[in-house]
Student: 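My structure is below; once you've seen it, I'll send some questions.
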2 protein chains.
Amino acid sequence: MPKPTFLNLPREKQNAFLEVALPEFADNDYNSASVSRIVERAGIAKGSVYQYFEDKQDLFMYLVEVSNQSMLEFVKQTPPPAPSADFFTMLRWQMSATIQASLKHPVHAKLLRRAYSAPLPFQDAIFENARRIREEHFQAMIQQAQASGQLAPGLDVQVASFMVQGMLNELGPFLQSRFGEQTDDWAQRPEVHAVFDQVITILKNGLGK
Amino acid sequence: MPKPTFLNLPREKQNAFLEVALPEFADNDYNSASVSRIVERAGIAKGSVYQYFEDKQDLFMYLVEVSNQSMLEFVKQTPPPAPSADFFTMLRWQMSATIQASLKHPVHAKLLRRAYSAPLPFQDAIFENARRIREEHFQAMIQQAQASGQLAPGLDVQVASFMVQGMLNELGPFLQSRFGEQTDDWAQRPEVHAVFDQVITILKNGLGK
DNA sequence: ATATAATGTGACTGGTCAGTCATATGACTG
DNA sequence: CAGTCATATGACTGACCAGTCACATTATAT
């Protein structure tokens, strides 16, 4: 929720600002991220930021929204499997799409990781909402798969959801540490897909019927 | 590495100080944690802290060490299964012991979570070391289990290690969110053990031969 | 060209911070 | 008692911070 002033700005200026502000909040804890540093790097006056946004929190929440949008957009544009596909095919697609998105937009991904993992003092409804939606998404997916007999019947939906989410959370950093900094071809490399396959296989054996 | 001044202090004073300093660094990001706030709450002069420690970083690293020590001590005192026990029995023990320890020492656990998850600017050798030791521990455990035919032969050791560690990392917060704040009997409750069982079963099916 | 509105500016305020240092207090020694 | 050493103190320094505001600049409309 920036002020109209910011949205009226020519795209160029908006983007130039975002290109400085996003990494600042991606690389630093909310409290340590500095508006002063942003304006210095962006070459604008401090007062301008407060023409654009209410305050630091407002700016931060907008950056989260922008990041979310850009990730979602990317994920949506990667072709999904047929809706009739089985649970693990869906999961593999989701895994791959998520990883690809965070490779394509590493700064946005980093910012989101930070925003969702570190509970800020202002537990704004936005975060809680996004978290709940995510949780519900996975639980619904699992429940449905279970109902159609793809998963072990005794499986606790919450436990399964937490395991799947934990996996997705850790996967990015793991791949990075294993295969080094991302390059353009990175996500196409067969070793990366081999890891996807392995993880899916493990989950399939573990959660499947 | 506190200065001798701190170690010469009567235990009472040391503990009183730690009881204020630990939560400050457990509840706040390193940059946001405040020495000024600590001295105010502890009712001592700011200069004293700098008689005890070189600087903020020195203090923090000592707190990490103290927390590590206290967790390790607790884990060590819970009776381990026979060394001949199979991989998943060992893993279950480790899971339970880790959770119990972080219930018994929630502040220490919180501080450690923070210290290891947020890469500080000063990548001090201590952290890197501790991380490496942890990684090697799990990889060795898995490798051995694989060699003795308990795990799937095609299993990638690194992938397995990352999954197991991811699980352990997420388990604490998950249990907390599911069963509420910890109480004394908490870790004995059958629901909690049911979750352990389920997680182990999933891993066993997923990773096992 | 003039008036009006939108946008940009940066010095300034009040606050917090880590870390210092001259000074004080106490404790132990001979 | 005097002398010495370890410990305690808190005002102070310089730096950084978020946020403000009176003023300057630019764009738009008349």
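Order of the sequence lines sets the chain letters (A, B, ...), proteins ahead of strands, with each chain counted from 1.
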Student: May I have all residue pairs that pass salt bridge (charged side-chain N to carboxylate O under 4.0 Å, His left out) and include part of residues 17-30 of chain A, sequence neighbours excluded?
Tutor: A/E24-A/R37, A/E24-A/R41, A/D27-A/K110
Student: Going 5' to 3' along DNA chain C, which are the first and last nucleotides with any atom under 4.0 Å from a heavy atom of chain A?
Tutor: C/dT7 to C/dG10
Student: Output the residues of residues 51-60 of chain B in contact with DNA chain C, where contact means a heavy atom of the residue under 4.0 Å from an atom of the strand; sort by number or write none.
Tutor: B/D55, B/K56
Student: Base, sugar-phosphate, or nothing: which does B/K3 touch, judged by heavy atoms less than 4.0 Å apart?
Tutor: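 The answer is nothing, as B/K3 stays clear of every strand by at least 4.0 Å.
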Student: Give a yes-or-no answer on whether the side chains of B/E73 and B/H105 include a donor-acceptor pair shorter than 3.5 Å.
Tutor: no
Student: If you define the side chain from C-beta out and look only at heavy atoms, does anything of B/L63 sit under 4.5 Å from B/F53?
Tutor: no
Student: Whether A/S34 contacts D/dC16 is assessed here as follows: a side-chain N or O lying under 4.0 Å from the phosphate OP1 or OP2. Is that the case?
Tutor: no
Student: State the pairing partner of C/dG30; accept Watson-Crick or G-U wobble contacts with both distances under 3.5 Å, and report none otherwise.
Tutor: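 In the structure as shown, C/dG30 has D/dC1 as its Watson-Crick or wobble partner.
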Student: Would you name the heavy atoms of B/A115 and B/F60 that are closest together and state the gap between them?
Tutor: CB-CZ, 4.0 Å
Student: D/dT20 phosphate, OP1 or OP2: any side-chain N/O from A/Y50 under 4.0 angstrom?
Tutor: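 For A/Y50, the contact criterion (side-chain N or O under 4.0 Å from OP1 or OP2 of D/dT20) is not met.
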Student: Does D/dC17 have OP1 or OP2 sitting under 4.0 Å from an N or O in the side chain of A/R37?
Tutor: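 So the side chain of A/R37 is within the cut-off, an N or O lying under 4.0 Å from OP1 or OP2 of D/dC17.
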Student: Closest-nucleotide mapping onto DNA chain D: is B/K46 or B/T5 further toward the 5' terminus? I mean the 5' end.
Tutor: B/T5
Student: Below 4.5 Å, heavy atoms only, C-beta onward: do A/F162 and B/L171 meet side chain to side chain?
Tutor: yes
Student: Please say which of B/L22, B/L9, B/V39, B/L59 ends up in a side chain to side chain contact (heavy atoms under 4.5 Å, CB included) with B/F17.
Tutor: B/L59
Student: What about B/F6 and B/Y62, are their ring centers closer than 6.0 Å?
Tutor: yes
Student: Could you pull out the closest heavy-atom pair between A/M163 and B/I202, with the gap in Å?
Tutor: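 The answer is SD-CD1, 3.5 Å.
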Student: Can you check the A/E40 CD to D/dA18 P distance for me, whole Å?
Tutor: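 So the two atoms are 12 Å apart, to the nearest Å.
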